[in-house]
Each structure stands twice: as structure tokens, then as C-alpha cells.
Amino acid sequence: MSADVSLRPRTIVLRTAALTFAALAALTATVLLADAAAQDGVGSWDVARIILIFMTTAWLAWGAALAIVGLPGHRRAKSSASIKGPTPRTVALFPIHNENPTVTFARIAAMDRSIRDAGLEIDIAVLSDTQDETTARQERVAFARLVEELAGGDRIFYRRRRDNRGRKAGNIEDFIRHSGGAYEFAIILDADSLMEGETLRVLIARMQNDPQLGLLQTLPRIIDAQSFFGRAIQFSARFHGPVFTRGLARLQGTSGPFWGHNAIVRVEAFAASCALPELSGQPPFGGHILSHDYVEAALLARAGWKVQVDETIGGSYEGGPENIISYAKRDRRWCQGNLQHIRLLFAPGLTAWSRFVFLQGIFAYIVSVLWATFLVASVIATMMATEPDYFPHPHQLFPVFPSDRTKQITALVVGIGGLLIVPKLAILFKAIFSGRASDFGGAGQSSRSVVSEILLTSLLAPLMLMYQTRAVLQVFARRDGGWPASSRQEGPIPLVTAMRDGAWIVVAGAISLLVVALLAPRLSLWLLPVCIPMLCAPLLISWTSRPHSPSLFVVPEERQEPPVVKAFRSQLSRWTSPSVPSSTSGQNRIGADVTA
Amino acid sequence: MNEEQIISCERPDFDTVDLWAPPTAPLAMPRQALERPARKSFIMQLAMLLFPAERT
């Protein structure tokens with residue numbers, strides 16, 4: 001492939017504008033802080049926090065820029081392309097690893113029905129990397145039942161690797177090496193993915209109509225959240241996600257992103273460009289590439305293929321974390337994966353924007369450490385500050401008061417808060433005026449949900465900062481996080497478990513507050529918004545994991561359940577229900593066995 | 001699926017798994033290069049020049 005996927009002028013203009021906005025915002029914050037710090041002389045700790053505020057504000061402003069760029073909708077709706085001729089040979093890939101087989105195969109059954117309802121002929125391949133023998137046996141039982149029930153012996157496949165080389169990326173690679181020649185397109189899914197048959201039709205048609213397109217990513221919508229935390233994430237992703245993704249798409253142009261699932265790839269392009277090497281050295285920085293999706297997008301772009309995301313394509317779903325502990329566990333994995341990209345920043349031949357994408361991923365985690373360091377530096381700088389000298393000259397009649405810099409500090413705090421909140425409020429106003437808010441329960445309910453989500457994320461921000469800081473430090477201390485299976489469908493977290501998991505945050509919060517109260521009491525009040533949530537960490541972890549009534553954080557998929565989700569639920573309840581007719585007594589046993 | 005089939009699935013030597021495998025249609029996947037080869041230091045280059053037999 002030697003396609004010339006050149007940048008559109010609009011992409012260049014938007015990138016320049018977004019980067020300029022971030023730089024200007026960071027510069028403004030730096031000047032405000034430098035001005036405030038200069039009143040009692042600039043020490044080395046002041047220099048440190050001035051540098052830190054530049055970096056952290058630049059990151060926040062970059063996030064805000066994504067929303068601003070994504071705020072204007074599409075001038076014309078993207079056409080729902082139609083497939084020319086018979087369905088090109090396509091396979092839906094389900095890589096699984098120690099998942100609950102009943103739930104996973106119920107999703108596959110629902111998708112297969114949806115595919116056939118759409119009149120498509122698409123194969124499905126379950127690619128098992130399960131190492132646990134009991135789960136593997138349950139997979140075989142569940143698969144046999146699936147194939148029998150759907151009469152899918154000729155189109156639904158299952159194979160298990162006993163060697164997990166390369167993890168998920170290696171699993172897909174293994175399939176392409178053995179079977180890739182049979183297919184033109186592959187739809188890559190996760191164990192908790194669900195996609196409508198009609199969505200797959202759009203994806204295939206788009207690939208067919210654009211021979212330069214190597215990968216097309218959808219924006220999966222989170223479904224099935226039950227807890228307060230899970231529902232808040234689900235709402236935020238559904239309400240704000242499309243705008244941020246549109247901004248991302250406009251800035252990335254044709255070089256990404258790829259999020260690893262709920263996307264279609266051109267098999268020929270993927271095979272030619274995406275066999276990942278093992279990095280030299282030991283994990284966490286060496287070995288298998290963990291966050292393979294970003295790298296695969298960069299490699300496709302390097303080979304001249306287009307990689308795009310389209311947030312307007314509906315009918316694409318996934319599950320989300322239900323509590324803070326699961327979220328932090330997933331984040332630990334992503335943190336290691338993104339920090340590993342430090343090794344790839346100067347990989348040969350990548351486009352400049354692909355390198356910038358790696359840098360963003362790295363910065364997304366490093367920034368927590370920078371914020372924590374900024375807080376520490378601020379405390380130390382205040383402690384080291386000299387007391388104001390009201391009579392600097394001998395025989396002075398009137399005192400000289402140091403100039404008041406409260407205005408600058410207040411402007412800094414308001415500005416930083418604004419970068420976080422204003423984009424979300426702008427999305428809310430636009431949704432109200434465009435009528436999109438009606439899908440989320442109307443203007444009133446949407447506003448309540450947005451405000452509640454902002455309050456919740458503000459409350460949880462210190463906890464997330466602590467978890468991310470710990471994750472970054474662990475990775476730099478060369479602690480490999482391994483490859484834990486994703487947590488799905490968990491119930492509420494008991495307070496005892498939350499205390500066990502969050503005790504270190506409570507201790508850190510208590511020590512910080514005590515030290516500040518003793519050494520820099522003037523700062524105690526400023527640090528309370530950070531320290532109080534830390535002291536309440538176990539309560540917050542447990543409370544937010546509880547089931548929550550769907551009166552708040554309403555999403556369109558709750559008001560009208562998508563067909564494929566309905567089919568999945570119905571399939572799952574059939575397979576897990578104890579009242580199955582006696583003629584299928586074997587299925588009773590399967591349900592009991594497999595869900596155990 | 002009947003009892004016999006379930007028991008078959010649970011047998012360790014059950015070979016249905018092979019029958020379930022996706023079609024065989026190999027496709028080459030060239031391994032990509034992401035790391036630049038490490039450069040040899042000046043001292044190392046000099047040493048290799050002076051002692052070519054030591055080159056590995």
C-alpha cells in the first residue's frame with residue numbers, strides 16, 4: 001500500500017488552533033502563579049510549581065480544546081452507505097480470556113441473530129485465550145450449545161490457544177496468520193461487546209466505498225450500568241462522549257484512533273502492517289505491547305492507510321466498570337500500557353501525529369503525578385516563604401504592605417475549574433437547544449445529571465489522582481501489573497472491602513492534612529477539598545458502588561432498549577433460567593455448570 | 001445438546017474443538033520494526049576495528 005493519505009487543510013488549522021489554545025491557557029496560568037509567587041521572592045520551589053502549573057494546565061486545556069473542536073455538529077449527515085454486491089467475506093472476532101462463557105456466548109448468539117436479521121453473511125470466530133481449564137471446559141460446553149441452537153456449524157467457529165503469546169494482539173494475529181486469507185474484513189470485538197447487524201452493514205459498506213480506509217472505529221455506548229458510579233460513567237460517555245470523540249476525530253484526521261474493539265479492519269492492511277514486535281527488555285517497559293490498539297493505529301497510518309473514528313455510527317455497545325476499584329484496576333493496566341509507549345515515541349517512520357497521540361496517552365497518567373507534586377511544592381513553597389517585612393527601610397514612618405495577590409490566585413483557580421466544567425456545560429446547553437437532551441429525559445433531567453456528574457467527578461478526583469499516582473510509581477518501579485481478567489457485573493462493594501482497598505488513601509490524606517496544619521496552617525483550608533474526599537475514600541468507594549435508581553443519569557438506551565441488547569437479555573435469561581422444558585434437560589445442566 | 005454430547009465436551013480428549021476451528025487460509029504477517037537498532041559506542045567501534053576477531 002503506498003496510498004498518499006495527505007492531511008486536509010482543515011485538520012492542520014484545527015490542530016494549530018487547539019495547540020495554540022492549550023499553550024495560551026497554560027501560559028496565562030503560569031503568569032498568574034508567577035506573579036502571585038513573586039511577591040515574597042521566587043525560590044526554587046516556586047520555579048518548580050510554575051513549571052508544573054504550565055504542564056498541568058496545558059493538559060486540562062487540551063481536553064477542553066477537544067470539546068470545543070467537537071462542539072459544532074456535522075454540516076451534513078454522513079450517508080448510510082450500502083454494500084455493493086454480495087457481502088464481502090467478513091468475520092466478527094471475539095477474543096476472550098477467562099470470561100463467563102454463558103454471558104459471552106449469549107452476546108454472540110444475539111449478534112448472530114441480528115446479523116442474519118440484517119440479511120448479512122458474516123462468520124463469527126471465538127478466539128479463546130482462557131488458561132483456566134475449568135473455564136475452558138465450560139466454554140466448550142457453551143459453544144456446543146450455541147452452535148446447536150443457532151445451527152451455526154458452518155459460520156461460527158471456536159479455537160483455543162494454550163500459549164498466550166502476545167495476549168489479545170497475539171490472539172488476533174494468530175487468527176489472521178491461520179485464517180486471515182479467507183476474509184476481506186474483520187470486526188474486532190471484546191468479550192463484552194455487542195453490535196447491531198445494521199451497524200456492521202454500515203461498517204462494511206464504508207470500508208468497501210473507501211479503499212484507502214484501513215480501520216474504522218465506532219464509539220461504543222456503555223450499557224447495563226447498575227451502580228451510581230457505573231451509571232454516572234455511562235451517562236458521561238453517552239452525553240459528553242460523542243462531542244469529545246468528534247473533536248478527537250477532527251484533530252486526528254486519518255491517523256486514528258483505534259480503541260481495540262468495536263471496530264472494523266481491512267484484513268490485508270492489518271496483516272501487512274500490524275504484527276507487533278516484542279520490545280526488548282523486561283516488562284513493564286519491555287515485552288509484549290500492552291496497549292496494542294494505539295500502536296496498531298500508528299502502524300496502519302505509517303503504512304499509508306486511513307484510520308478513522310465515526311461517532312455518528314450507532315448500534316455499538318460495551319460494558320463499563322461498576323465501581324471505583326474496578327475502574328482503578330483497569331486504569332492500572334492502561335497506565336502500564338500507555339507508559340510503555342515511551343519506548344515507541346521515536347519508533348521509525350511513524351507520523352508526527354501518531355507520536356503526539358502516544359505522548360497524550362503518556363501524559364494522561366503522568367499528569368496525576370504532576371498535580372500531586374504541584375500540591376507538595378505549593379505547601380513547601382508556602383512554608384519556605386519569608387515573612388513580609390513591613391518596615392524595610394530604617395526610620396520608616398509608615399509600613400509597606402505587600403501587594404495582595406488574592407485576585408491572581410482566585411483567577412487561577414476559577415480558570416482551571418472552568419477548563420474542566422465549561423466544556424461540559426457547553427455540551428449541555430447545545431444538547432438543550434438542539435433537542436438532543438430529550439433523549440436523556442429532557443432539559444431538566446439532563447441538567448441534573450450533568451451537574452451531579454460534575455459534582456461526583458470533583459469529589460472522586462483526589463481518589464483518582466491517588467490511584468493514578470500509585471499506578472505510575474509502580475510502573476516506574478518496574479512492577480508488572482500482569483494481565484488480570486476484566487471485572488464485569490459486580491455487585492455493591494461492602495464497606496469492609498472498601499476500607500481494605502482505600503485505607504492507604506485515608507492514611508495519605510490524614511498525614512497530608514496533619515503536616516499542612518502543623519507546617520503551613522494558612523494552606524489547610526485550600527487543601528480541604530483534596531483531603532476530605534481522601535479521608536472518606538472507603539465510604540465513597542462503597543457508597544458509589546450501590547445500585548442506583550434510574551431517575552438520574554438517564555441514557556437513551558434505557559428509554560428504548562436496542563434490539564441486540566434485548567435479544568442478549570432474552571438469550572441469557574433462557575440459558576440461565578431453571579425452568580427449561582425437560583426435553584432440553586442437558587441445557588439446564590449447562591446453564592448451571594457454566595454460570596457457576 | 002444431549003447428555004452424551006455434554007459428557008463428550010467434558011472429556012479431555014474430545015476432538016470436536018478441532019472441528020470447530022475457523023477455516024485454514026494462511027496470510028503472511030510481517031513482523032514490524034518499532035525499535036531502532038542500538039548504536040555502538042565510539043569505544044566499541046574502535047575496539048571492533050582493533051580486534052576484528054572479537055566481532056560477534
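Each chain gets a letter, A, B and so on, in the order the sequences are listed, and its residues count up from 1.
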Side chain, backbone, both or neither: which part of [X] has a heavy atom under 4.5 Å from chain B?
X	result
L299(A)	side chain
L279(A)	both
A272(A)	backbone
Y183(A)	side chain
V295(A)	side chain
E133(A)	neither

When heavy-atom pairs shorter than 4.5 Å are enumerated against chain B, which of [options] gives the highest number?
options	answer
R343(A), E268(A), R159(A)	R343(A)
G153(A), S280(A), A125(A), A298(A)	S280(A)
I176(A), L344(A), V91(A)	I176(A)
P348(A), C274(A), G349(A), G180(A)	P348(A)

Exercise. Can you tell me how far the OG atom of S273(A) sits from the CE atom of M29(B), to the nearest 0.5 Å?
Worked result: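 Interatomic distance, S273(A) OG to M29(B) CE, rounded to 0.5 Å: 8.5 Å.
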Seminar exercise, completed: dist H178(A):NE2 -> L27(B):CG (nearest 0.5 Å) comes out at 12.0 Å
Contact between [X] and [Y] at the side-chain level, heavy atoms closer than 4.5 Å - yes or no?
X	Y	answer
E278(A)	E35(B)	no
P23(B)	F157(A)	yes
P26(B)	R177(A)	no

Search all heavy atoms of [X] against all heavy atoms of [Y] and return the closest pair with its distance.
X	Y	value
P30(B)	A275(A)	O-CB, 3.2 Å
A182(A)	A25(B)	N-CB, 3.3 Å
S179(A)	P22(B)	OG-CB, 3.7 Å

Problem set entry | Partner residues of R302(A) under the side-chain hydrogen bond (donor to acceptor under 3.5 Å, both in side chains) criterion, sequence neighbours left out | Q32(B)
